[in-house]
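See structure below.
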Amino acid sequence: MSSRRLDSTIATEDEVKDLILELQALLSTEVDRSRTTKVLEEICNHIKKLQKEVDNLSKKICGLLGPPDTSSNVDFAEVLKLVMEL
Amino acid sequence: MESAISNPDFNLEDEELKRTKRRKTETRDPESDPKPETIKWRSESEQRNYSTKLVEALRQVRRNSSSSSSPSSAKLVGRHREIRDAANRVLAVSAKGKTRWSRAILTSRLSSKLAHNNNNYNNTKHKKGANRVGAKVTGCSRLSRPEKKRLPPVQRKVKVLSRLVPGCRKVSLPNLLEETTDYIAALEMQVRAMTKITEILTGAPVNRFASS
């Protein structure tokens, strides 16, 4: 089912699910401690990565929204319309 | 009873299935599919909902910034934090109070807001950690306490994880893993939504005197 991955980056969301399932199994048996710590570390790193990405995206959006003066007026109605289209 | 098996319109079998499924989730089988609340983070409608609410919140942030009178350079730096906090708040709202991490984000914002109002623009250093989703809590407890025996590596990593997921420092291990699963799924959606919004903002802004 969940094979031991060689690299430590989580690419898909299914991998996250598999990792957590693996972690649950590992934690219940308490046999393979090194693997447990490795999986825990991967999950932690993944969360940190996601949080950092959110932070970076916030900075980008901040720059794109621009200073709140009238010269760079973002048309929010337009943005909302495009968001709904997806 | 034979007719139940051969007759496809007879829904006794369906009832049996439903009952088995319900029983399965009630006994919390770890091999079962993730909870429906976690699955919903992957749906497009959920992302669209979130994006809409976030854009409205961004509009609000922008309006609030234009009325304040702090210098522009400080404003820009502070504003990205406002945007990130708004993004997290909207994410927590979308969770509809079903998870611990989402409730923690909302209550910590409330308490820090009340403190802010009481202190009259005190300082920008945040008090408790749940609001600063992006920052790691540095070990001030480590400095004040004398050197103690380190925990085994597994326990240490579990502690790190519990600090990363908001509001989960003292929850049991199985609950922590459940919260982690949901939190990660929500974060992935947040990244997808904000990326899309960034793309839209890169292409779409129009110089109109439209009401912002």
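So you know, we letter chains A, B, ... as the sequences are listed, proteins then strands, and number each from 1. Computed from a predicted model, the values in this text were never measured in an experiment.
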Select one option (side chain, backbone, both, neither) describing which atoms of [X] are under 4.5 Å from chain A's heavy atoms.
{"X": "B:Thr195", "value": "both"}
{"X": "B:Leu54", "value": "neither"}
{"X": "B:Ile197", "value": "side chain"}
{"X": "B:Val158", "value": "both"}

Worksheet entry | Heavy-atom check, side chain of B:Tyr50 versus side chain of A:Val83, under 4.5 Å |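 Result no, sub-4.5 Å side-chain heavy-atom pair not found.
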Discussion item. Less than 4.5 Å apart, side chain to side chain, heavy atoms only: is that true for A:Glu41 and A:Cys44?
Written reply: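 The answer is no; the side chains never approach within 4.5 Å.
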Worksheet item: Does A:Ser58 have any side-chain hydrogen bond (donor to acceptor under 3.5 Å, both in side chains) partners at least two apart in sequence or in another chain, and if so, which?
Response: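 Listed in chain order: nothing, the list is empty.
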Worksheet item: Who pairs with B:Arg192 by side-chain hydrogen bond (donor to acceptor under 3.5 Å, both in side chains), at least two apart in sequence or on another chain?
Response: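 B:Arg192 satisfies side-chain hydrogen bond (donor to acceptor under 3.5 Å, both in side chains) with A:Glu13, B:Gln47 only.
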Item to complete: Under 4.5 Å, counting heavy-atom pairs only, tell me which of A:His46, A:Glu53, A:Lys59, A:Lys60 racks up the most with chain B.
Response: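 Looking at each option in turn, the highest pair count goes to A:Lys59.
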Discussion item. For A:Arg33, is the CZ atom crowded, meaning more than 12 foreign heavy atoms sit under 6.0 Å from it?
Written reply: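 Not buried by this count: 12 neighbours or fewer within 6.0 Å.
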Discussion item. Do B:Glu178 and B:Tyr183 pair up side chain to side chain, a donor and an acceptor below 3.5 Å, judged on atom types alone?
Written reply: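 No donor-acceptor contact under 3.5 Å links the two side chains.
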Practice prompt. Measure A:Thr36 against the heavy atoms of chain B and call it side chain, backbone, both or neither at under 4.5 Å.
Written response: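 The side chain, not the backbone.
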Worksheet entry | Contact class of A:Val54 relative to chain B, heavy atoms under 4.5 angstrom |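 Looking at A:Val54, backbone and side chain both touch chain B.
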